[in-house]
Protein chains: 4
Amino acid sequence: MTESSFSSARAKRPSPRARGTAKRAARSEGAAHTRVTTEPGRKRGGDKRERILSAAVRVFAKNGFYATRVSEVAKAAGVADGTIYLYFKSKEDLLVSLFESRVEKLLSFMKGELPKHATAPERLRAVIEMQLGLLEGERDLAEVVTVILRQSTKLMKEYAHPRFLAYLDSIARIIQDGQASGEFRRDVSPHLVARAAFGALDGVALTWALGRAEQGALRRSAGQVADLFLRGLRP
Amino acid sequence: MTESSFSSARAKRPSPRARGTAKRAARSEGAAHTRVTTEPGRKRGGDKRERILSAAVRVFAKNGFYATRVSEVAKAAGVADGTIYLYFKSKEDLLVSLFESRVEKLLSFMKGELPKHATAPERLRAVIEMQLGLLEGERDLAEVVTVILRQSTKLMKEYAHPRFLAYLDSIARIIQDGQASGEFRRDVSPHLVARAAFGALDGVALTWALGRAEQGALRRSAGQVADLFLRGLRP
Amino acid sequence: MTESSFSSARAKRPSPRARGTAKRAARSEGAAHTRVTTEPGRKRGGDKRERILSAAVRVFAKNGFYATRVSEVAKAAGVADGTIYLYFKSKEDLLVSLFESRVEKLLSFMKGELPKHATAPERLRAVIEMQLGLLEGERDLAEVVTVILRQSTKLMKEYAHPRFLAYLDSIARIIQDGQASGEFRRDVSPHLVARAAFGALDGVALTWALGRAEQGALRRSAGQVADLFLRGLRP
Amino acid sequence: MTESSFSSARAKRPSPRARGTAKRAARSEGAAHTRVTTEPGRKRGGDKRERILSAAVRVFAKNGFYATRVSEVAKAAGVADGTIYLYFKSKEDLLVSLFESRVEKLLSFMKGELPKHATAPERLRAVIEMQLGLLEGERDLAEVVTVILRQSTKLMKEYAHPRFLAYLDSIARIIQDGQASGEFRRDVSPHLVARAAFGALDGVALTWALGRAEQGALRRSAGQVADLFLRGLRP
DNA sequence: AATGAATGAGAATTCATTCAT
DNA sequence: TATGAATGAATTCTCATTCAT
């Protein structure tokens with residue numbers, strides 16, 4: 001249960017000019033996530049991709065996905081409109097890539113941390129603290145993950161949902177382990193607990209992100225939420 | 001603390017031909033939710049507004065707010081495109097109205113139920129069961145409330161946020177009461193608990209709505225979530 | 001040359017319900033002025049037609065033809081939107097009818113007055129004073145005639161132009177008579193003078209209507225303009 | 001008093017992608033004529049603006065402002081619909097710009113010519129000949145200036161009126177000078193004469209433009225109109 | 001005759017995406 | 001690779017006109 005819950009595939013990105021006649025194609029595409037990709041960075045193109053992504057988090061977080069113009073992202077990134085299409089297939093692909101690149105980071109970190117904790121309660125607390133802790137570091141990211149992502153229904157249903165379920169699974173497995181070892185009560189569904197826990201954290205992060213977003217507030221909240229759940233799960 | 005947290009104002013709706021008054025008014029309005037309203041169409045236009053709203057829940061839930069065309073809603077409602085603008089100022093107004101009309105219903109129900117429960121734990125359990133129970137009745141509504149609403153960032157920030165906070169407040173007050181009476185432990189922030197509880201329910205409803213949405217599943221989950229929180233709050 | 005320059009045809013108006021399926025037809029219609037008409041006024045329907053016309057002058061003068069909504073005219077006239085279509089075939093027909101009813105009045109007045117003046121110079125002066133004098137009485141009308149009418153290009157070209165030419169003709173004939181009798185110099189084209197005179201009056205009325213429209217100003221101007229032209233025409 | 005009455009500002013034009021700045025700006029602007037401007041497209045977009053303007057004169061002159069579809073202008077200019085919005089903020093802005101660009105030309109020409117004439121009568125004759133002469137060169141322009149411009153009431157009142165008054169002023173000043181030097185009679189108001197003269201020319205041009213528009217006719221008329229006024233003004 | 005709710009064709013404008021340079 | 005002018009499909013909303021009552 002220490003392995004990542006998010007597949008780490010899709011580390012590649014489209015190489016400039018791999019674009020076909022995709023125009024308006026997205027409307028009917030079944031899967032938005034199959035993208036042609038190539039090694040980008042001869043010279044220092046990877047830099048530009050990153051610049052675009054980081055501009056995108058900021059702008060998406062501020063205005064939402066739909067209200068954001070591709071040209072705004074370009075401007076914020078300091079590149080030409082067309083350049084964005086050298087690195088991303090479409091506006092939506094930009095959102096997916098954003099989500100991926102950020103979540104990937106979050107998950108790989110988690111994957112490294114979890115093994116350090118021996119008991120299920122400790123691991124659950126660690127997950128909770130990590131989720132809020134990581135979001136706190138990047139408010140824009142928190143907003144993207146908690147709010148923006150939900151703006152693209154298609155994205156949500158097709159792309160994010162499976163990854164999200166995988167993440168939930170990894171939490172559920174912690175609960176399961178705890179139940180097996182007698183650390184947690186057995187009369188609750190591990191998956192339900194996982195969903196409730198994730199939702200609780202998401203809700204806390206959401207109000208935080210939409211509100212004043214005080215520094216340190218999320219981290220402090222983490223302890224209480226962990227407490228609440230750990231007590232609630234006590235046999 | 002039994003009084004509703006949502007103002008029940010705005011129970012009126014615009015009658016056809018409020019046009020000219022409503023026209024573009026939103027552009028400059030500070031609050032997008034103050035709308036001119038009148039008796040619904042006498043004659044036989046009375047149910048049009050409701051028909052449009054209920055078509056909107058369905059279509060929005062299926063495709064999301066942005067991906068839904070006004071003409072699709074019109075078609076689903078069996079009216080002409082223009083008719084929608086007789087009852088709603090804009091596409092966005094339709095979403096707000098939808099949210100309002102539904103949430104209003106949910107809240108007034110809650111307002112009536114809560115007083116029937118004597119202790120804070122019972123009231124918390126009641127809230128949890130009601131939130132999930134009511135959503136279960138209308139899957140589309142659940143999706144609108146948990147997903148779609150977040151699609152309009154402006155809506156979320158300007159309109160829904162305050163109402164949402166008011167709802168959270170009413171939950172927080174239950175916690176507070178319980179802490180005052182010694183029924184709940186005092187070392188957690190009532191507001192934090194409220195946010196976590198709401199988030200947990202939202203998360204459970206979200207996965208339910210996006211997933212298979214089995215009948216009865218939500219109601220069954222409610223008990224476990226309530227249990228989790230009540231135990232977690234035990235002094 | 002005392003006979004009216006405007007045909008007095010078209011004194012009839014459409015009777016309620018004579019309407020066919022004219023919808024959008026105007027787009028392709030060649031002649032906008034052929035209208036079915038009937039005696040209206042059993043009871044007192046004529047009153048209503050007049051009320052609509054007079055509301056229309058006011059509203060058109062204020063906002064221009066295109067910027068005016070049929071519903072605004074209806075409101076100003078105190079009738080329902082649909083009622084307008086009982087008396088006028090279309091919005092454009094309303095403008096034409098307006099023009100006609102007003103111009104008719106002006107012309108019949110002129111027809112009665114001219115014979116009272118014996119010499120060509122006196123008649124020219126009378127025409128000038130009448131044109132400005134009548135406009136001064138109704139500022140809104142002045143605006144409709146000088147500005148609004150030009151807004152409907154089709155109207156201008158198809159309907160108003162011939163009538164306008166007829167009016168010019170009647171002025172030209174005064175000049176011609178004067179030249180024949182030796183009262184006016186003969187080295188200018190009567191039609192050119194007529195156009196110039198009409199334009200001069202129109203220009204004076206236009207700036208007056210668009211400006212402060214002081215009472216009495218137009219009448220005072222008339223004398224000077226008449227003077228200018230009469231001197232200019234002196235043999 | 002030989003200096004031009006029209007400010008020659010606004011010689012610049014928006015470059016493509018001034019979007020975002022210009023967007024909807026007019027809605028709140030007090031003066032609709034302050035527009036962001038930049039060097040026209042380098043590369044090869046340079047003549048696009050001009051091509052659009054000249055297509056617009058043609059189409060507006062033919063169908064009138066309101067009856068003209070933006071797509072028609074685009075087609076006539078040989079560009080895509082959207083391209084128009086790269087150079088003009090809106091359809092109305094296109095009309096204003098048209099007026100400006102043309103009138104500017106006319107006025108700067110006049111500014112250069114007037115000083116060549118020594119006496120007030122000569123200058124008045126020059127103005128008359130120029131106004132008609134320049135219009136004759138471009139029939140479409142004549143129509144735009146005499147008819148189309150009046151179609152946008154807002155335009156007329158907000159934008160054109162002040163410029164128009166300034167032009168009248170410059171004519172009035174010629175009259176005034178003539179009166180001061182004893183070349184013109186003093187018992188007429190210079191401004192009234194200016195308005196009458198402009199109106200006369202406008203009227204002549206209007207019937208010419210709406211009629212057969214024979215080559216040379218306007219120029220020939222100019223002499224007679226000038227004669228008429230000069231004689232009429234003789235002390 | 002009158003009403004006004006409903007209609008739906010139509011039009012301006014936007015903006016993701018392309019492609020010539 | 002990068003640019004940004006150009007494209008044009010698509011979408012919201014308006015409003016003249018109709019027609020059931």
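Letters A, B, ... mirror the listed sequences (proteins, then strands); counts begin at 1.
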To the nearest 0.5 Å, tell me how far [X] [atom1] sits from [Y] [atom2].
X: Leu86(D); Y: Arg49(D); atom1: CG; atom2: CZ; answer: 12.5 Å
X: Lys75(B); Y: Ser71(B); atom1: NZ; atom2: OG; answer: 8.0 Å
X: Phe65(B); Y: Leu95(B); atom1: CZ; atom2: CG; answer: 5.0 Å

Should [X] be listed as having a side-chain N or O under 4.0 Å from OP1 or OP2 of [N]?
X: Arg69(C); N: dT14(F); answer: no
X: Lys91(C); N: dT17(F); answer: no
X: Lys48(B); N: dA6(E); answer: yes

Item to check | Nearest-nucleotide 5' precedence on DNA chain F, Asp81(B) against Thr83(D) | outcome: Thr83(D)
Checklist outcome for this item: Assign each of Ile84(D) and Val70(C) the nucleotide of DNA chain F bearing its closest heavy atom; nearer the 5' end lies the nucleotide of Ile84(D)
Atom-pair distance ([atom1] on [X]; [atom2] on [N]), nearest Å:
X: Tyr66(D); N: dT14(F); atom1: OH; atom2: C1'; value: 14 Å
X: Arg49(B); N: dA6(E); atom1: CZ; atom2: C1'; value: 17 Å
X: Lys89(B); N: dT12(F); atom1: NZ; atom2: P; value: 17 Å
X: Leu86(A); N: dA16(E); atom1: CG; atom2: P; value: 17 Å
X: Phe88(C); N: dA2(E); atom1: CZ; atom2: C1'; value: 15 Å
X: Lys75(A); N: dA5(F); atom1: NZ; atom2: P; value: 13 Å
X: Asp93(B); N: dT12(F); atom1: CG; atom2: P; value: 15 Å
X: Glu72(A); N: dA16(E); atom1: CD; atom2: C1'; value: 13 Å

Checklist outcome for this item: Comparing Gly82(B) with Ser71(D), nearest DNA chain E nucleotide closer to 5' gives the residue Gly82(B)
Checklist outcome for this item: Judged by nearest nucleotide, the residue sitting upstream toward the 5' end of DNA chain E, Gly78(B) or Gly78(C), is Gly78(C)
Can you identify which nucleotide, out of [options], has its nearest atom closest to the [X] side chain?
X: Tyr85(D); options: dA12(E), dT12(F), dT7(E); answer: dA12(E)
X: Tyr87(D); options: dA6(E), dT3(F), dA5(F); answer: dA5(F)
X: Ser90(A); options: dA6(F), dT17(E), dT17(F); answer: dT17(E)
X: Ala80(B); options: dT12(F), dT3(F), dG8(E); answer: dG8(E)

Checklist entry - Which is it for Val96(A) and Phe88(A) under the side-chain contact (heavy atoms from CB on, under 4.5 Å) test, yes or no, and what are the steps along the way? => result CA-CA 10 Å; Val96(A) 174; Phe88(A) 305 92; over 6 Å; no
Checklist outcome for this item: Residues at least two apart in sequence or cross-chain that pass side chain to side chain contact (heavy atoms under 4.5 Å, CB included) with Val70(D), listed by chain then number, are Ile84(D), Tyr85(D), Lys91(D)
Checklist entry - Taking only residues two or more places apart in sequence, or in another chain, which ones meet Ser101(C) in a side chain to side chain contact (heavy atoms under 4.5 Å, CB included)? => result Leu53(C)
Checklist entry - What would the secondary structure line of DNA chain E be in dot-bracket form, counting Watson-Crick and G-U wobble pairs under 3.5 Å, with [ ] for pairs that cross earlier ones and | for pairs with another strand? => result .||||||||||||||||||||
Item to check | Aromatic plane relationship, Tyr66(B) with Tyr66(A) - under 30° parallel, 30 to 60° tilted, over 60° perpendicular | outcome: parallel
Next on the checklist: Quick one: does any side-chain atom of Glu50(D) pair with a main-chain N or O of Asp47(D) as donor and acceptor, under 3.5 Å?
Outcome noted: no
